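Please read these numbers as outputs of a predicted model, since none were measured by experiment.
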Amino acid sequence: LELKEEDFAINETVGHFDNPIMMLNTKIVKKQAQNFMKKLCKSLSANQINELIGEIEERTVDSRFHMRLNKQELIKGNLIVSKKDTIKMKIHTPIYNKKDTIKTFTEIFQNVN
């Protein structure tokens, strides 16, 4: 998705079963954020985009959009929305009126699709 390793802060922790967990956080803004969303949406199928838009109410909390990508497919370079063996993503956008969150994320996905 055209992000570099140095763009991320990496935090390592341990899961419930002593499994290692790596959390990667990054903050991208303006042009880089627009390019990220374009690349993300172009890498997903039209059906997946429509599914995300259809589930937008369940996927948004405050100003964050939640989605999960299949970990094994991501390693192969494919972006597949999944519920099992996933990498969890939270996309945050500043939305000053919280009731506009669903509308804003719907527009984001429709405009870059």
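Between the CD atom in Gln34 and the CD1 atom in Ile28 there is a gap of 10.5 Å [rounded to 0.5 Å]. Annotation: the span from Glu5 atom CD to Leu24 atom CG amounts to 8.5 Å, rounded to 0.5 Å. Taken to the nearest 0.5 Å, the OG1 atom of Thr106 stands 10.5 Å off from the CG atom of Leu52.
Taking both residues in full, the closest heavy atoms of Gly15 and Ile21 are given as CA-CD1, 3.5 Å, listed atom of the first, atom of the second, then distance.
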Item to complete: Show your working on side-chain contact (heavy atoms from CB on, under 4.5 Å) between Phe105 and Ile95 and close with a plain yes or no.
Response: CA-CA 10 Å; Phe105 277 110; Ile95 300 171; 4.1 Å; yes
Item to complete: Applying side-chain contact (heavy atoms from CB on, under 4.5 Å), run through Phe65 and Thr101 and close with a yes or a no.
Response: CA-CA 9 Å; Phe65 179 83; Thr101 301; over 6 Å; no
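A side-chain contact (heavy atoms from CB on, under 4.5 Å) with Ile80 is found for exactly one of Asn70, Thr86, Leu74, Leu44, namely Asn70.
Shown here is Glu6, whose CD atom has more than 12 heavy atoms of other residues, nucleotides or ligands within 6.0 Å.
Hydrophobic clustering, with ILVMFWY side chains joined whenever heavy atoms are under 4.5 angstrom apart, groups Ile49 together with Leu1. One hydrophobic cluster holds both Met89 and Ile10 under the rule that ILVMFWY side chains link at heavy-atom gaps under 4.5 Å. Criterion: ILVMFWY side-chain heavy atoms under 4.5 Å apart, direct or through other members. Under it, Met22 and Ile87 are part of a common hydrophobic cluster. Put simply, Leu3 and Met67 are part of the same group of oily side chains (I, L, V, M, F, W, Y) that touch within less than 4.5 Å, one to the next. Residue Phe36 is grouped with residue Phe8 when hydrophobic side chains (ILVMFWY) are merged at heavy-atom distances under 4.5 angstrom, including chains of intermediate members.
Applying the side-chain hydrogen bond (donor to acceptor under 3.5 Å, both in side chains) definition to pairs two or more places apart or across chains, those involving residues 52-66 are Glu55-Arg59, Ser63-Lys98. Listed by first then second residue, pairs satisfying salt bridge (Lys or Arg N to Asp or Glu O under 4.0 Å) with a partner in residues 75-89 read Lys71-Asp85, Glu73-Lys76, not counting sequence neighbours.
In this structure, the side chains of Leu79 and Gln48 stay at 4.5 Å or more apart for every pair of heavy atoms. Inter-residue side-chain proximity for Ile91 and Leu40 is flagged as met; some heavy-atom pair is nearer than 4.5 Å.
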